[in-house]
Amino acid sequence: AGLLKAALGLSLTPAWIAAALIAACAALLAAGQYRWLDAINKGVVLVLTLSTMAATALLLPTIEWGAMQWWPQTWALKDVAFAAAVVGWMPSAIDISVWHSLWTLARRAQTGHAPTVREALFDFHLGYLGTAALALCFMVLGAGTLFGRGETFAASAGGFSLQVINLYVRALGEWARPVIGTAAFAVMFSTTLTVVDGFPRALAVLVRRFSEPEQPWTADDTHPAFRRIYWASLAVLAVGAVALIALLLGQLKRLVDVATTLSFLTAPALAWLNHRAMTGAHVPEAARPGPGLRAFSAVSVAVLTCFAVGYIYVRFAH
């Protein structure tokens, strides 16, 4: 919403623009369901990837790598809090694995093709590693334009978005404004569309799974029971999101920090559930992770737990 406000010079508040964007996403999903979600995201991700990689390649030669501070000299509370916020969505939230699984089932229902384990893994790895590569690009872009500039950022979404775009323009030139604006808006719109579908889809499957245990559950988004729960969940999500944005309208950093830190703190539980699901009896033996990957997963869950507990100790007890 802030990016759209900055790019088009809109006079509406970010809360109203956010409501309009969520409504637009809901309309797209109502019209085309998963089919349109898949097609639109492929187009948006293509634009996002090309524009982000172009911007990164152009900025790389201008960065003074020797002047970079690669590690904090001292770990203050604000450094720990910032690290938790960054890691929370780096390269994406852990629950994206659940959404990806449900989208795979929706694609199967749409196309009639049941993917093999190899095909499903390839699809997941392509998306996840691509997300990691883009996250690295945005880290480089941020370091190249923000580090050592002494900038004080606006607390509002529109003001912050305009400042970020202007930083890139100063580093690369006025001609780069549409490239940076397109990349930034593409990543946020694709994220919004993904979340507007992902959370209601997961909740719809969850409710059907436990309310109708005797029925074969499905991720087919044309099923009437699925659609009822899906749209009720989407309505609650939309109202809650707009209310939260309106409440924290002038505190963009706090809003992002709360969201990403909560994601960081819930990661151990989600990782454990993911581990349990993939090693459960309902997964065929041939489709389960091998011993090495299972051990790596268990260690990772333990590490995530230690970091989460350590963060809580430093944040509230230290």
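Just so you know, these numbers use all the heavy atoms, side chains as well, and skip hydrogens, waters and symmetry mates.
Other residues, nucleotides and ligands contribute over 12 non-hydrogen atoms within 6.0 Å of the CZ atom of Phe138. Residue-environment remark: CH2 (Trp16) stays at or below the threshold of 12 foreign heavy atoms within 6.0 Å.
Residues His100 and Asp123 form a side-chain contact, since some pair of their non-hydrogen atoms from C-beta on lies under 4.5 Å apart. Side-chain contact between Val98 and Val205: absent, with no pair of heavy atoms (C-beta onward) separated by less than 4.5 Å. His125 places a side-chain heavy atom less than 4.5 Å from the side chain of Leu121. You'll find the side chain of Val303 reaches within 4.5 Å of the side chain of Val299, heavy atoms only. When side chains are defined from C-beta on, Ile94 counts as touching Leu304, because their heavy atoms get closer than 4.5 Å. Considering only heavy atoms from C-beta on, Tyr313 stays 4.5 Å or farther from Val309 through its side chain. Side chains of Ser97 and Tyr128 form no contact here, defined as non-hydrogen atoms less than 4.5 Å apart. At a threshold of 4.5 Å between non-hydrogen side-chain atoms, the residues Thr116 and Phe122 do not count as touching.
Between the Arg294 side chain and the Pro289 main chain, a donor and an acceptor come within less than 3.5 Å of each other. A distance-only check finds a donor-acceptor pair linking the side chain of Thr266 to the backbone of Ser263 [under 3.5 Å].
How far CZ of Arg201 is from CD1 of Ile229: 13.0 Å, rounded to the nearest 0.5 Å. Distance check, rounded to the nearest 0.5 Å: CE of Met278 to OG of Ser297 gives 10.0 Å. Interatomic distance, Leu265 CG to Thr305 OG1, rounded to the nearest 0.5 Å: 11.0 Å. Of the inter-residue distances, the one linking Leu193 atom CG with Ile22 atom CD1 reads 11.5 Å to the nearest 0.5 angstrom. In this structure, CD1 in Ile40 is found 4.0 Å from CG in Leu28, a value given to the nearest 0.5 Å. Rounding to the nearest 0.5 Å gives a distance of 10.0 Å between CG of Leu4 and CG of Leu12.
Counting all heavy atoms, side chain and backbone alike, Ala15 lies closest to Ile245 at CA-CG2, 4.0 Å. In terms of heavy-atom proximity, Ala308 sits nearest to Pro268 at CB-CG, 3.9 Å. Nearest approach of Val196 to Leu237, heavy atoms of both residues: CA-CD2, 4.1 Å. When all heavy atoms are compared, the tightest approach of Lys5 to Ile17 is CB-CD1, 3.7 Å. Heavy-atom minimum distance, Leu102 versus Ala202: CD1-CA, 3.5 Å. Between Leu3 and Met188, the closest heavy-atom pair is CD1-CG, 3.7 Å.
Note on Leu203: it does not cluster hydrophobically with Leu234, by side-chain heavy-atom contacts below 4.5 Å among ILVMFWY residues. Under the 4.5 Å side-chain heavy-atom criterion for ILVMFWY residues, a single connected hydrophobic cluster contains both Phe307 and Ile312. The cluster map of Ile, Leu, Val, Met, Phe, Trp and Tyr, joined by side-chain heavy atoms under 4.5 Å apart, puts Trp103 and Trp231 in the same cluster. Tracing side-chain contacts under 4.5 Å through hydrophobic residues (I, L, V, M, F, W, Y), one never reaches Val301 starting from Ile96; they form parts of separate clusters. Linking ILVMFWY residues whenever their side-chain heavy atoms come closer than 4.5 Å, directly or via other members, leaves Leu273 and Phe264 in distinct clusters.
Remark: the Trp99 side chain and the Asp197 side chain contain no N/O donor-acceptor pair separated by less than 3.5 Å.
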Inset, instruction - Step by step, work out the side chain to side chain contact (heavy atoms under 4.5 Å, CB included) result for His113 and Arg107. - result: CA-CA 8 Å; His113 170 67; Arg107 187 183 299 117; over 6 Å; no
Inset, instruction - Begin from the C-alpha positions of Ser101 and Phe124 and carry the test side chain to side chain contact (heavy atoms under 4.5 Å, CB included) through to its verdict. - result: CA-CA 9 Å; Ser101 299; Phe124 178 79; over 6 Å; no
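When the options Thr56, Leu129, Thr49 are evaluated for a side chain to side chain contact (heavy atoms under 4.5 Å, CB included) with Leu134, the one that passes is Thr49.
Ring planes of Tyr230 and Phe226: parallel class, angle under 30° (limits at 30 and 60°).
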